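See structure below.
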Amino acid sequence: MDNHQADRRSGSCSKEINVSTYSQDTIAAIATPSGRGGVGIIRVSGPLVKQISEAVVGILPPPRFAHYCEFLDAAGEVLDQGIALYFPNPHSFTGEDVLELQGHGGPVVMDMLLDRCLKLGARLARPGEFSERAYLNEKMDLAQAEAVADLIDSETTAAARLATRSLQGSFSRKIHELVEGLIQLRMYVEAAIDFPEEEIDFLSEGKVSTDLQAIIDNVEEVRLKASTGRLLRDGINLVIAGEPNAGKSSLLNALAGVDSAIVTEIPGTTRDVLRERIQIGGVPVHLVDTAGLRETADIVEREGVRRAREEVHKADQLLWVYDAESDPDNKGINNAALPAAVPLILVRNKVDRLGEPPGKTQRGDIPEISLSANTGEGLELLKAQLLSNMGFQGAENTEFLARRRHLDAIDRALECLQKGTDVLERQQAGELLAEDLRQAQLILSEITGEFSADDLLGEIFSSFCIGK
C-alpha cells in the first residue's frame with residue numbers, strides 16, 4: 001500500500017499551521033474590560049512567566065495557589081497590591097506557563113502593571129492570541145475556541161448556555177461523529193478500488209448507498225441544530241417599513257417596550273434610522289425603524305427615505321406596516337419596490353380604530369397580521385409569525401451555538417455528499433465517490449480546525465478581544 005493509499009485509509013487530516021506565525025514569545029495583556037472596576041487582571045503567557053513573576057511578585061507562587069502580595073516596579077517600589085496566580089504548563093488555559101496578576105481595576109494601575117511586564121520581556125498580545133495558543137497547543141479545538149468569544153458576546157441567556165455547551169465540546173463531538181462515519185464509509189468504498197474485480201459487488205449490494213444516506217441524514221440534522229444555534233448567536237436584522245403615518249414608530253416602541261421613537265399624527269415625523277436591540281423568544285433582534293417611503297420635496301425627509309431603502313435591502317426580515325383605516329387595501333405597497341429575496345410580513349395596523357380584533361390571514365404566500373401597536377393587541381401573533389419565518393423551533397431543540405462559517409462548511413459538505421450519491425446511482429464509480437467523501441471529510445474538519453489554513457485562523461482570532 002503506497003502513502004497515498006495509507007492516507008486515504010486513515011482519513012486523517014491535521015492542522016495546516018505556518019510555524020512562523022506561532023512564536024514562543026511571552027505575551028501579556030489586560031484581561032478585564034477597560035474602565036474603572038474593583039478588580040483588574042493582567043494575563044501573561046509564555047516561557048518568561050517565571051522570571052516576570054519573580055521580578056514583579058518577588059517569588060514564583062505555588063501552582064494554582066492564590067498568593068496575596070505586592071506588585072513591584074523596577075526600583076522595588078510598590079505599584080499595587082493584589083493576588084498572583086501561577087498555572088504551570090501544560091495545565092493552563094493556553095497550555096503554556098501562565099501568570100495572572102489581579103490588582104485594583106483602575107486604568108492607570110493596570111497600564112503601569114502591564115508596562116512593567118512588557119519591559120521584562122513580554123510583548124503585547126494580539127486580539128485572541130491567548131485563545132489561539134490554547135488551540136495550537138491542543139487545549140481546545142477551533143469550534144471551542146470560537147465558543148469562548150461567543151460566550152463573552154452572548155446577548156441572551158439561551159445563547160450563553162449554548163455557548164457553554166459548545167465550549168464543553170458538544171458541537172465538536174457532533175462533527176467528530178460525522179467525520180468518523182465518513183472515514184468508515186471511505187474505507188469500505190476504497191476496498192472496492194483495491195479489488196476492482198469485486199467493485200460492482202461492493203457498490204451494488206446496497207450497504208454503501210444505505211450508509212451514505214444515513215450520513216446525509218445525520219449531517220442535515222446537525223445543520224438544522226446549527227441553524228438554530230446561529231440564530232441565537234447572531235439574531236436577525238428586522239426592518240420596519242411602510243408609508244408615512246402608518247404606525248411604524250409606534251410598532252417599534254411596542255416591540256421594544258420603551259418610547260424610543262417620537263410618535264405624532266404628522267406624516268414624516270421619522271426622518272432617520274432608529275435602532276433597538278430586543279429579544280423575541282430568546283432570539284436577539286436588531287430592530288430598525290425607518291422613515292416613511294414616499295416621494296417628497298423636503299431635502300431632509302428625502303435623505304431619510306434614501307436611508308430607509310438602504311436598510312430595507314439589508315434586512316433579514318421585513319415588516320411592511322400599513323394603516324387599516326386610511327389604506328384598507330394596502331395600495332402603498334405596490335410602489336414600494338421591496339426586495340423579493342427578503343421574507344416579508346404584512347402588518348395591518350390600527351385595527352382598534354375599526355373595532356376589529358387582532359388576527360392572522362394570508363395574502364398569497366405572505367402572512368398578514370392585524371394588530372394595534374397602540375394597545376399592544378396582536379403583538380404576540382406578530383412575534384410568533386417572526387419566529388416561524390426564522391424557522392426557529394426553540395432553544396430546547398438545539399445543543400450548541402454555531403456561526404455562519406459553520407453552516408457554510410456543512411452546506412459544502414452536503415453538496416459533496418449529494419454529488420457522491422449521484423455518481424453512485426448513475427455511474428457506480430467508486431473512485432469518484434471516494435473523492436467526494438474525502439472532500440466532505442476535509443470540509444467538516446475545517447469546523448473543528450483539524451484541517452485549517454492560516455488565513456482562516458487569522459480571520460477568526462482577530463475578532464476576539466485582546467486578553468482572551
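Only a predicted model underlies this, so the values are computations on that prediction, with no experimental measurement involved.
Partners of Asp111 under the salt bridge (charged side-chain N to carboxylate O under 4.0 Å, His left out) rule, at least two apart in sequence or in another chain, do not exist in this structure. A search for ring-ring contact (aromatic ring centres under 6.0 Å, His included) contacts involving Phe171 returns Phe400, His406, not counting sequence neighbours. Looking at residues two or more places apart in sequence or on another chain, you find a side-chain hydrogen bond (donor to acceptor under 3.5 Å, both in side chains) between Glu180 and Gln184. With sequence neighbours excluded, the residues that form a side chain to side chain contact (heavy atoms under 4.5 Å, CB included) with Ile59 are Val57, His67. With sequence neighbours left out, the salt bridge (charged side-chain N to carboxylate O under 4.0 Å, His left out) criterion links Arg426 to Asp422. Listed by chain and residue number, Asn237, Glu311 satisfy the side chain to side chain contact (heavy atoms under 4.5 Å, CB included) test with Lys314 (two or more places apart in sequence, or in another chain). Residues meeting the side-chain hydrogen bond (donor to acceptor under 3.5 Å, both in side chains) test with Ser170, sequence neighbours left out: none. For Glu155, the side-chain hydrogen bond (donor to acceptor under 3.5 Å, both in side chains) partners are Arg277, not counting sequence neighbours. Taking Lys360 as the reference, Gln385 meet the side-chain hydrogen bond (donor to acceptor under 3.5 Å, both in side chains) condition, with sequence neighbours excluded. Shown here are the side chain to side chain contact (heavy atoms under 4.5 Å, CB included) partners of Ala214, two or more places apart in sequence or in another chain: there are none.
Screening residues 424-445 for ring pair (Phe, Tyr, Trp, His ring centres under 6.0 Å), with sequence neighbours left out, gives no hits. Sorted by first and then second residue, the pairs that involve residues 212-221 and meet salt bridge (charged side-chain N to carboxylate O under 4.0 Å, His left out), not counting sequence neighbours, are Glu221-Lys225.
The environment of NZ in Lys419 is sparse: at most 12 heavy-atom neighbours from other residues, nucleotides or ligands sit within 6.0 Å.
In terms of heavy atoms, Glu399 sits closest to Leu162 at C-CD2, 3.7 Å. Nearest heavy atoms, Ile443 versus Cys416: CD1-SG, 3.8 Å.
Counted by atom type alone, Arg161 and Thr157 present zero donor-acceptor pairs between their side chains at under 3.5 Å.
Of the charged side-chain nitrogens involved, none lies within less than 4.0 Å of a carboxylate oxygen, so that Glu368 and Arg348 do not count as a salt-bridged pair.
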